[in-house]
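Nothing fancy with the numbering, it's 1 onward along the sequence.
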Amino acid sequence: QVQLVESGGGLVQAGGSLRLSCAASGNILSINDMGWYRQAPGKRRELVASITSGGSTNYGDSAKGRFTISRDSAEKTMYLQMNGLSPEDTAVYYCNAQIRTPWGVAHLNYWGQGTQVTVSS
């Protein structure tokens, strides 16, 4: 059983910072790309940032210049440092990872349960 567990969300004032973590656990052979997505009420889920197993990063337009994604492959953990938060960043943030288990040859897509980030003005 593979699990992705996010933590670090909460309530912060505009201009503040938060650091989200995503820990993968279970019978994992390897992890390819990992990413953070977010979904605000009434909106579609959107990419915040992604990172490959080699450390290459990609950011959504809303995250560029303010957020930094990183990962610790040995610990199977991914992070999102969010600075300069604004009320528009309020959303549920989801962790995503492409994971291979001992029972398959392909990397499958897994999602965490989400963590709420609320930014007050």
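Nearest heavy atoms, H107 versus Q98: CD2-O, 3.5 Å. The shortest heavy-atom contact between V2 and T101 is CG2-CG2, 3.6 Å. For the residue pair P87 and S121, the shortest heavy atom distance occurs at CG-CB, 3.8 Å. Between S17 and Q81, the closest heavy-atom pair is CB-NE2, 3.9 Å. Counting all heavy atoms, side chain and backbone alike, S53 lies closest to I31 at CB-O, 3.8 Å. When all heavy atoms of V48 and A63 are compared, the closest pair comes out as O-CB, 3.5 Å.
Here the NZ atom belonging to K76 is positioned 12.5 Å from the SG atom belonging to C22, to the nearest 0.5 angstrom. Atom CZ of R19 is separated from atom OG of S70 by 6.0 Å, given to the nearest 0.5 angstrom. Rounded to the nearest 0.5 Å, atoms OG (S50) and CG (N32) are 12.0 Å apart.
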Practice task
Could you walk me through whether N58 and L47 pass side-chain contact (heavy atoms from CB on, under 4.5 Å), step by step?
Solution key: CA-CA 9 Å; N58 179 52; L47 172 71; 3.5 Å; yes
Handout entry: side-chain contact (heavy atoms from CB on, under 4.5 Å) between M82 and V117, intermediate numbers included
Key = CA-CA 10 Å; M82 303 187 293; V117 171; 4.0 Å; yes
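Under the 4.5 Å side-chain heavy-atom criterion for ILVMFWY residues, a single connected hydrophobic cluster contains both L108 and I99. Residue Y79 is not grouped with residue Y59 when hydrophobic side chains (ILVMFWY) are merged at heavy-atom distances under 4.5 angstrom, including chains of intermediate members. Residues V12 and V92 are members of separate hydrophobic clusters, defined by side-chain heavy-atom contacts under 4.5 angstrom among Ile, Leu, Val, Met, Phe, Trp and Tyr.
Every residue two or more places apart in sequence or in another chain that forms a side chain to side chain contact (heavy atoms under 4.5 Å, CB included) with A23 is listed here: T77. For Y37, the ring pair (Phe, Tyr, Trp, His ring centres under 6.0 Å) criterion is met by W111, not counting sequence neighbours.
Other residues, nucleotides and ligands contribute only 12 or fewer heavy atoms inside 6.0 Å of the CD atom of Q3.
R71 places no side-chain N or O within donor-acceptor distance of the main-chain N or O of G35, the cut-off being under 3.5 Å. The backbone N or O of C95 lies less than 3.5 Å from a partner atom in the side chain of E6, making a donor-acceptor pair.
Looking at F67 and L85, their side chains come closer than 4.5 Å, going by heavy atoms from C-beta outward. Annotation: side chain of P102 is in contact with side chain of N27 (closest heavy-atom distance under 4.5 Å). Under the 4.5 Å side-chain criterion, counting only non-hydrogen atoms from C-beta, I28 is not in contact with Y110.
Screening residues 86-97 for side chain to side chain donor-acceptor pair (under 3.5 Å) gives R38-D89, R38-Y93, R66-D89, S86-E88, S86-D89, N96-N109 as the qualifying pairs, with residues at least two apart or on separate chains.
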